[in-house]
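Input: a single structure, listed below in structure tokens.
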Amino acid sequence: MTGPAITITFCTQCNWLLRASWMASELLSTFGDELGSVTLVPGTGGVFRIDADGQQIWERKRDDGFPDAAELKRRIRDAALPEWNLGHSDSGHR
């Protein structure tokens, strides 16, 4: 495994599995085999957190909700794959 390990921890009590799996799918579709792994971790208590190699990328309470796909991809890229070009998603950012 050479790429970053992405972990999405989601609240099972809040039924956020679908949201977490959609975000995992978006990351895999964009970064493909550049990622070492994408892991879904069930949790409770309203948790929704995304980490790249142990570095917190998104936290629902801290970041006031859920990321859209473009923002999540930018944050993953900035933290773990800085040379990656996101194309049109980068317009007006960086």
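One is the number of the first residue; the rest follow in order along the sequence.
- Listed by first and then second residue, the salt bridge (charged side-chain N to carboxylate O under 4.0 Å, His left out) pairs that reach into residues 48-57 are Arg49-Asp51, sequence neighbours excluded.
- Although no hydrogens or angles enter the test, the distance criterion places no donor-acceptor pair under 3.5 Å between the side chain of Arg77 and the main chain of Pro82.
- Linking ILVMFWY side-chain heavy atoms closer than 4.5 Å, directly or via other members, places Ile76 and Leu28 in a single hydrophobic cluster.
- Applying the side-chain hydrogen bond (donor to acceptor under 3.5 Å, both in side chains) test to residues at least two apart or on different chains, the pairs with a partner in residues 11-31 are Glu26-Lys73, Thr30-Lys73.
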Identify each donor-acceptor pair in which a side-chain atom of residues 61-68 lies under 3.5 Å from a protein atom, sequence neighbours left out, and give them as a table.
residue: Arg62; atom: NH1; partner: Gln56; partner atom: OE1; Å: 2.8
residue: Asp63; atom: OD2; partner: Glu59; partner atom: N; Å: 2.8
residue: Asp68; atom: OD1; partner: Ala70; partner atom: N; Å: 3.3
residue: Asp68; atom: OD1; partner: Glu71; partner atom: N; Å: 2.7

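- The nearest pair of heavy atoms linking Gly46 to Cys11 is N-SG, 3.3 Å.
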In sequence, state the C-alpha distance, the side-chain angles, and the governing distance for Ile6 and Thr39, and then conclude on side chain to side chain contact (heavy atoms under 4.5 Å, CB included).
CA-CA 6 Å; Ile6 308 299; Thr39 305; over 6 Å; no
Does the side chain to side chain contact (heavy atoms under 4.5 Å, CB included) test come out yes or no for Val41 and Phe10, once each step is laid out?
CA-CA 6 Å; Val41 178; Phe10 65 96; 5.8 Å; no
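- Taking the side chain as every heavy atom from C-beta outward, Leu72 and Met23 approach each other to under 4.5 Å.
- For Leu27 against Leu35, the heavy-atom pair with the smallest separation is O-CD1, 3.8 Å.
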Evaluation steps, side chain to side chain contact (heavy atoms under 4.5 Å, CB included), between Phe48 and Thr9:
CA-CA 5 Å; Phe48 195 91; Thr9 306; over 6 Å; no
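- Residues meeting the side-chain contact (heavy atoms from CB on, under 4.5 Å) test with Ala24, sequence neighbours left out: Ile8, Val38, Leu40.
- Identified under the salt bridge (charged side-chain N to carboxylate O under 4.0 Å, His left out) test for residues 27-36, with sequence neighbours left out: none.
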